[in-house]
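Notes follow once the structure below has been shown.
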Amino acid sequence: MSGMRVGKETVGRTGLAVLATVAVIGVLLGLRGLHAPGLSGLQSANGVRTPAGAHRPTGGGRTRPTAGNRGGKAGPLLSSTPYAQYAFRLYPGTITAATRQALAGFNVSVRQTGSQVRLEVVIRGTSRPPIRHMYPNTDSIYFIEASMGDDPGLSEYNFGDDGLVVTNSQGQIVG
Amino acid sequence: MSRRVDWGPVAARVLLGLVFAWFGYHELWQPRLWTGYVPAVSSTSGLAVWAVLAHGFLLLIVAAALLFGIAPRLASWVGVIVMAEVVLSLVILHGLSDITVRDVGVLGLALALATQRRHPLALTR
């Protein structure tokens with residue numbers, strides 16, 4: 001058998017076998033990806049707004065407690081998740097140059113008021129309402145930017161890889 | 001007797017294949033991180049996730065075809081269509097930027113390979 005003609009090219013048995021193998025790998029990867037969690041916290045940037053202070057699902061399917069409605073158990077250590085390498089700290093401390101770069105497309109303000117911290121995230125260039133949250137001042141707040149490659153200049157092309165993660169004083173994810 | 005292989009097109013084909021493989025793999029592995037690129041669909045919708053998965057799957061197949069030299073011209077033409085769609089949607093939605101211009105370069109590479117008459121080291125068996 002000489003193989004299959006595709007236009008002026010020929011695809012033989014070996015070629016078909018390679019493509020079939022890669023297709024199977026692709027399906028398996030896709031099945032895994034279908035159930036892989038995304039990042040939460042900024043999904044409202046794409047049109048689905050969650051009221052400030054409401055429970056929201058996080059990357060691991062946990063809820064997002066804010067001050068006053070924190071409940072349930074703390075999640076895993078942020079440092080044990082794959083997102084740790086993409087986490088840029090917003091609070092406590094000052095915002096570094098790297099964090100500012102990761103925040104392309106967003107205006108973020110963090111203000112401490114008594115025993116709480118008020119976080120406000122504004123998505124630049126949109127009329128969407130700001131995302132606001134209150135957290136205990138013992139928490140740490142991180143901005144997640146999985147890829148800088150979608151941030152030309154001060155813009156943000158893809159909000160899907162951006163998120164907010166909050167950890168307690170032990171570094172466990174609480175929202 | 002030795003035959004000289006024209007390495008330029010082979011290197012171009014393999015490198016373009018690696019680019020597609022990288023994006024295809026990541027789109028399949030973590031589709032929800034890519035849904036922001038799907039035009040005209042809410043990034044939180046299931047449709048956006050399926051669109052990314054389909055895109056990633058196509059990229060992976062095209063990548064394999066380019067890397068192994070399986071119908072490389074056809075694979076390159078599919079690459080041209082994919083990159084043209086990427087560039088157009090980025091320009092329409094966001095305007096010109098460093099990312100868009102970089103993708104124009106990838107589109108040019110795919111176009112050069114698609115119009116290449118001879119593809120050395122292609123797998124025809």
Side-chain angles (χ1 to χ4, degrees), chain A residues 1-23 25-40 42-48 50 59 82-83 86 105 125 144 146-147 149-153 155-163, chain B residues 21 23-38 41-46 48-50 52-65 67-77 89-90 93-103 117 119 122-125:
Chain A
M1 193 171 136
S2 60
M4 192 171 74
R5 296 285 298 174
V6 183
K8 290 179 180 175
E9 297 174 301
T10 304
V11 181
R13 278 183 181 175
T14 310
L16 285 173
V18 169
L19 292 180
T21 305
V22 171
I25 292 169
V27 168
L28 293 175
L29 284 172
L31 284 173
R32 188 270 175 199
L34 198 56
H35 302 289
L39 287 166
S40 72
L42 298 170
Q43 288 301 308
S44 54
N46 296 292
V48 182
T50 307
Y83 295 120
Y86 308 120
I144 306 291
S147 169
D150 58 3
D151 298 350
S155 319
E156 174 63 68
Y157 276 8
N158 172 29
F159 292 103
D161 68 343
D162 303 306
Chain B
F23 281 96
Y25 167 78
H26 283 280
E27 288 177 20
L28 288 167
W29 188 251
Q30 287 273 22
R32 283 173 181 82
L33 300 188
W34 299 85
T35 51
Y37 285 113
V38 182
V41 178
S42 167
S43 66
T44 54
S45 67
V49 173
W50 280 103
V52 172
L53 286 173
H55 193 262
F57 185 80
L58 178 65
L59 288 182
L60 203 65
I61 297 295
V62 172
L67 287 169
F68 289 94
I70 303 163
R73 283 189 72 181
L74 176 66
S76 300
W77 275 116
S89 66
L90 284 179
L93 293 175
H94 304 286
L96 276 176
S97 71
D98 47 357
I99 290 176
T100 318
V101 172
R102 183 187 58 196
D103 285 345
R117 283 179 184 274
H119 281 277
L123 180 61
T124 54
R125 285 184 299 167

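Every chain is numbered from 1, with letters handed out A, B, ... down the list of sequences. Keep in mind that this is a model prediction, so the values were computed, not measured.
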For Val11(A) against Ala71(B), the heavy-atom pair lying closest together: CG2-CB, 3.8 Å
Return the CH2 to CG distance between Trp29(B) and Leu28(A), rounded to the nearest 0.5 Å. 10.5 Å
Not counting sequence neighbours, which residues clear side chain to side chain donor-acceptor pair (under 3.5 Å) with His119(B)? List them please. none
If you measure from OH on Tyr86(A) to CG on Leu33(B), what distance do you get to the nearest 0.5 Å? 8.5 Å
Quick check on Leu53(B) against chain A: is it the side chain, the backbone, both or neither that has a heavy atom closer than 4.5 Å? side chain
Nearest-0.5 Å distance that lies between atom CG in Leu34(A) and atom CZ in Arg32(B): 6.0 Å
Return the CD1 to CG distance between Ile70(B) and Leu16(A), rounded to the nearest 0.5 Å. 8.0 Å
What distance do Lys8(A) atom NZ and Arg73(B) atom CZ have between them, rounded to the nearest 0.5 Å? 6.0 Å
Heavy-atom pairs under 4.5 Å with chain A - which of Val38(B), Val49(B), Leu74(B), Val52(B) has more of them than the others? Leu74(B)
Heavy-atom neighbours of Arg5(A) CZ exceed 12 at 6.0 Å: yes
In this structure, are over 12 heavy atoms from other groups packed under 6.0 Å from Phe57(B) atom CZ? yes
Smallest heavy-atom separation, Gly26(A) atom then Leu60(B) atom, equals CA-CD2, 3.6 Å
Given heavy-atom pairs under 4.5 angstrom as the criterion, report whether the side chain, backbone, both or neither of Val6(A) touches chain B. side chain
